[in-house]
Every structure is written in C-alpha cells, then in structure tokens.
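Accompanying notes for the structure given below.
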Amino acid sequence: MSRADAAQGAPGPRLATPAGRAVLGFGLDHLVWLILIVVLAGFSLFIPNFFQIGILLNILEQSTFIGILAVGLALVVIAGHMDLSIESVLALTAMTTALLFGSHGAGSGLVLQPEWLALPVSLLLAVALGAVIGASNAFFVVRLRINAFIVTLASYIWCRGLVVALSGGRSVYGLPDAIRAVAVTHVGGVPVLGVVLILVFAAFAFVLTRTPFGRHLVMIGGNPVAPYRAGIRSDRLLAIAFILAGAIAGLAGWLLAARTAGATANLGTGMLFDAFAAVVIGGVSLKGGVGRLSGVFAGVLLLSAISTAINVMGMPPHYTLMIKGALVLAAVLLDTAKTALHKRYL
Amino acid sequence: MTTRRYWLAGALAALSLCAAQPGAWAQESKGRVYYLVPTLLDEFQTESVTALERFLGDVGYETISLDGQNRTDLQMNQIDDVIALQPEAIVLAAVDFDAVRPGIDKAREAGIPVVIFDRQIKSTPSDFTSVAGTVEIGRIAAAEIARLLQEKKGSVSGKVLQILGDPGDSYTLDIQQGFEEDMAAHPDVQIITQPALQWEASRAGDIMSDQLLTNPDIDLVFVHAAHLAVPVTAILEARGKQPGDVMLVSSNGAPVGLDLIRRGWEQVEVEQPLYAQAAAVAMFMDKVVNKEPIEPGSYDVLGLEATLTEEAWGPNLRIPGAAITRDNVDEPRFWGNLQAPTEKVQPVE
C-alpha cells in the first residue's frame, strides 16, 4: 500500500490483539477527554493557583451556557442540519425573563404570589418561547423544505433584533431571589448551574444512545434515505430536534439571566461560535450522523478551561480566540486522522 | 349622487392636505441631518439618538438616525448612501475611528460637513467635534479610585481589577490610558486588567468569578461601562460579599450604574455628559452647515463649562465628565437619570 493510500485511510493490517484494538478504539473515541486532561495538567503545572477545586468548579459553572447550547446544537447537527438561531434564542429568552421579572432598568418587576412561583413560571416561559422559535424553524425546514442554514440564520437575525427592540438597548436587572437562587446555590459544594449542565448532558446522552428517537436521529443524519425506506418518520424526528434545540437554548438563556441577575441587549454575543467549536472539538461531524455528547461535554470544558486559564494568567484575550481557532482546526484534522486509523487498524 | 360628490370632495381635500404637508414642513425645517450611531445595544447610544433628535429639532433640523450595528463595513455603506442623499450634515459616532476615515473625506469632498460625536477622530479633518474626553474620564476614575483606597486602607494601595470593554474599541482604550497614566503615581496599587470581549456582560462576570479565586484580596473593581457592573455585582453577591466589601467604580453613567450606587454596590460612576455632548452639536450646527468660522474659547453647554480648541483636525469641543457618588446621584443633570433638560437649545451666535 502506498503512503498516499495510508494517508487516505485505506484498509491495512488490523491490530493483532483484541486488547490492542480495544485500547486504540477507546483512545480514539475519547481523544478529546485525553486532550482535556493533558491541558488541565499543563495549566496546573505552569499557572500558580490553577489547580484548586474552586477553579475547576468555575470551569464547570462557566461552561453551563455554552454547554447547554451545544447540546441542542449537537442534536440538530447529528441529524444532518444546522441551527444558527440558538444564540439569539438564548438572548431573547434571557431578555424576556429580565423584562418580565426584573425590577430595575426597563424591567416590569412582575411579582407572583407566592414569590417562589417566579422560578417555575419564568423557566416555563423561557423554555416555551425557545420551543416556539424552534418549532418555527422546524416548520420552514421540514414542511417548506427551506435550507436550515438560511432559516436559522434568519431566526438568528430577527431574534436579536427583537431583543434590541424589546429592551430599547437598556440593561434590565434585579431578578427576584427565587430565580437568582439557581445561580447562587451550591449542592454539596457544586454550583447548581454546573449540576444542571451535567444533568442536561446526561439526559440527552441517554436520549441519543438509549432511545429509538436518539438512534433514529443519528440514522437520519448518517443517511436520510435509509430511515425513510425503513418507515421511520424522519420529518417528525427532525422537527422534534429543532424544537428541542430551541427549548434547550431557552433554558440556557434563563440560566444566564439568573447568573447575571438580568440581561443586556448584547448578552450572549459570540456564544454560537463557541457552541459550534465545542461540538466540532467534541467529535460531532458537521456532515451529520456521527458524534456523542460525552465528547461535546469534554469540548465545552476544554474551551472553558482555556478561557479561565487566560483570565487567571492575565493574558490578552486575543489568545483565547487564537487558541480556540487552532483547537477547532486541530479537531477537524484529528477527526480525519481518527477515521484513517479506524480503517487501518480496527 | 350627492353622497358620491361629498366623498370625492373629501378625498380630494385629504389628498391636497397630504400633498401640502411636506412642502409646509420643508419651509419650517432647515434640512436633514443624518446621525450615524455605532450601535443600539446600550443605553448611552439609544439615549444619544433621542437627545440628538430632540436638540437638533430645537434648532430647526430634522434628524434621521442610522444604526451601524457595530459593523465598520455597514457604517461605511451608510456614509456612501447618505452622501447620495445630500443632507445638511452628517453626525458621526464611529464604529472604528481609523476605518471610517475615507468616508469622512468623501463626504466632505461632496460638500457635506461632518460632525464627530462622542468617539474622537484625530486622523483626518472634520468640521466640528463634540466629545467627553475619554482619556479624562480615565483620569477622573483614577482620582476617585485613589480617594476610595485612601479612605478604606489609609493609603493609596491595594489591588484593583480593571475590566475593559472590547479591546478593539478606542473608547475603552482611551479610558484605560488616562486611568493607567494617573495610577502610575501610586506604585503601591496593583492593577490587573482583563477585557470583556465585545462588551459582553457575562464575560465580565466570568472574569470576576475567576479573579476572586486567584486574587481574593481585590479591593476595588473598575469596569468601563455600567452594564458590565451588573454581572460583577451578581458574582460578588453569589460569593457572599456585601455591598462595599469589594468597591466598584464604573464609567459612562448609565441608569443601571446609578441604581447600583443607590443600592450601595457601586461607589462612583464617572459619567459621560451625554446631554451636553448632544446639545453642543445642536448649538454649533448652524455654523457648521453654513461653513462659518467657529471661535475657540469657553462655552456654557447645559451648565457645564466646555472648552473649544482649534486642533489639527478642526474645532474640538471637550466637555468634562463628572463623578457621581451617593451624595449627588439623584441630580437630574446626570443623563443616567433620563431626565433630559427641558430648556431649548439655542444656536451659538
């Protein structure tokens, strides 16, 4: 076999032992986790005060919003489509929550009796609003067969416009304690935001791998024709994926409002790109049909760890962007290499 | 038939009224001025639109505002479009003060005066500039921070976390320059600087959260815009801090900052004199449009003493910012209280 063939991943000699194949397979499947461990170890060696539980919890807490966005995005991408609207949905739901329940700035200071009702009501509203925008995306993509990239790009733009229109560019804050509690409470020393992040990842990882819905979604992304011939209602599943992505973005927006105690018109700017980066670094193929949420989780933690390290070191933030860009590129290259290694040795 | 005639007469009367309106209006107005606002994502910019439209209206101009959405390319396109419409003048708050330079030159070559508002441009001539003096805002902040540290610790010493806005924005870089130049006189103060990219609020929260772990002895946080102070206070509150445990100083004077002062979380807000900056544009607009000379000297702008100098780039009016504290936070002159002055602006003779 020529070197060119090898580089393209042409089948070669398999590893001799099953154990060897298992180790290589596991390593390739969890490469991003290995990278995360190496990066964290490197930071701990070279940055004073980095290796402490507080910093690790900060990384987890700060991963919450991009992480949750990335879950919704991954569902749609695995199904073979795109959702660019999630960042604006996050901003819109955060602003709506702040406008309704915030008591300072442009907020209306809505008070429910008893006061704790503000938490479930605002949460439901945020998730429902996100789901409605997701359903609108689904209608255009699934029913009218318009390209998802265009549809969700339009949603990205009009949702952001609506945020500015609703707020008039003003900051809103002063959310009731019932909502703020989510951002300030710890469970066994772990911030609730981090717990929510883990639960969301765990729940959707289960859905994706252990339920017919999840498995069919992966199939649709891998080959849209085969599931259709097998009698799987692809359109319905795809619509659900878009609705879930919207609802999850609504949840992320609500959590972000709770953490920042309100909302500003530019809240969440740039989070879409971070979510995409996490999805790609996590090993989800932008062609659809490939990916697992555990990898995405590691990708989110990796991005957050880099931002935290740069904050702690006091380095210029441009490095964050440069490192993130390099990571995305490296992830794509590694993905190609992984495929080649899979074909050759496993 | 009679009814139809009445309808027809009514319709004709309505049509002629509609047709007459623009003409009648045109006689009252001195013409159109376009205000190119860099973004509408914060209170300062949205209120600047309201203030400029109102004050320019006082002196007889109709103002149309166009949002640049923080995009240099879009603002450049807007300048091209506006040049084609031949307005009386363009009021420009630049997204990027270097990139917009060719647009300014083009407009002036087309005979349209360009007034620079809020974001100083020194690299090319313009017809009038009205700015707060962002470097001075940094200097005022430095003086206030030195005072606060002296009061708290008995000497000007300690640790200050400075959270910039976007490092690509001259507004924040100017404030940083003024602040750090003056703080250099206090070598016992350690300054840690981190920017919140794109002025995004949650990033300021992340910075605060990380710094509290690695630098738990931070005495004071200086944020370059009030909207960044909100997540900072949220993080401080979440970490069990009480108002005043970590002092907070901000610049731009937005309503949200004044609220934080009232609630005790923030000690000082260095305001940009938004209303005075906008009023100054209106005061000098006739001279700018008619290309009359503008005399250097001191001018009273809404009760503030502004200094007009003739610079290499043209007439430059600087209006001082002010430090807002708990003692004066309710004064209506601060734009953050959103009580625009009621008196009509008069053109400079």
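So you know, we letter chains A, B, ... as the sequences are listed, proteins then strands, and number each from 1.
Contact of the A/Tyr173 side chain with the B/Leu260 side chain is registered, since non-hydrogen atoms from C-beta on lie closer than 4.5 Å. Side-chain contact check for A/Arg170 versus B/Asp42: every heavy-atom pair is 4.5 Å or farther apart. Between A/Leu256 and B/Ser202, the closest side-chain pair of non-hydrogen atoms falls below 4.5 Å. B/Glu200 has its side chain within reach of A/Leu267: a pair of non-hydrogen atoms, C-beta onward, lies under 4.5 Å apart. Using a 4.5 Å cut-off on side-chain heavy atoms (C-beta onward), B/Leu41 and A/Val164 make contact. Within the 4.5 Å cutoff, the side chain of A/Thr260 has no heavy atoms near those of the B/His227 side chain.
Ranking B/Asp210, B/Thr214, B/Thr46 against chain A, the residue ahead of the rest is B/Asp210, based on heavy-atom pairs under 4.5 Å. Considering only heavy-atom pairs separated by less than 4.5 Å from chain A, the leading option among B/Ser209, B/Ala226, B/Ala196, B/Ala201 is B/Ser209. When A/Gln52, A/His186, A/Arg180 are compared by the number of non-hydrogen pairs under 4.5 Å with chain B, A/Arg180 comes out ahead. Ranked by heavy-atom pairs under 4.5 Å with chain B, the list A/Gly54, A/Pro48, A/Ala261 is led by A/Gly54. Annotation: maximal heavy-atom pairing with chain A below 4.5 Å, among B/Glu47, B/Gln69, B/Arg203, occurs at B/Arg203.
In the displayed structure, A/Asp177 atom CG is contacted under 6.0 Å by at most 12 heavy atoms of other residues, nucleotides or ligands. At most 12 heavy atoms of other shown residues, nucleotides or ligands fall within 6.0 angstrom of atom CD in A/Glu115.
Looking at A/Thr264, only its side chain comes within 4.5 Å of chain B, counting heavy atoms on both sides. Proximity to chain A is absent for every atom of B/Leu212, based on heavy atoms less than 4.5 angstrom apart. Interface residue B/Leu40: backbone and side-chain heavy atoms are both found under 4.5 Å from chain A.
Of residues 262-276 of chain B, those residues with a non-hydrogen atom less than 4.5 Å from any non-hydrogen atom of chain A are, in numerical order, B/Arg263. Identified by a heavy-atom distance below 4.5 Å to chain A, the contributing residues of residues 236-248 of chain B are B/Glu237, B/Ala238, B/Arg239, in residue-number order.
If you take CZ on A/Phe65 and CG on B/Asp206, they are separated by 7.5 Å, rounding to the nearest 0.5 Å. Taken from CG in B/Leu213 to CG in A/Asn311, the straight-line distance is 11.0 Å, to the nearest 0.5 Å.
Side chain to side chain, B/Glu43 and A/Ser171 meet the donor-acceptor criterion of an N or O pair below 3.5 Å.
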_side chain to side chain contact (heavy atoms under 4.5 Å, CB included) assessment of A/Asn266 paired with B/Gln198_ = CA-CA 8 Å; A/Asn266 69 342; B/Gln198 295 177 295; 5.5 Å; no
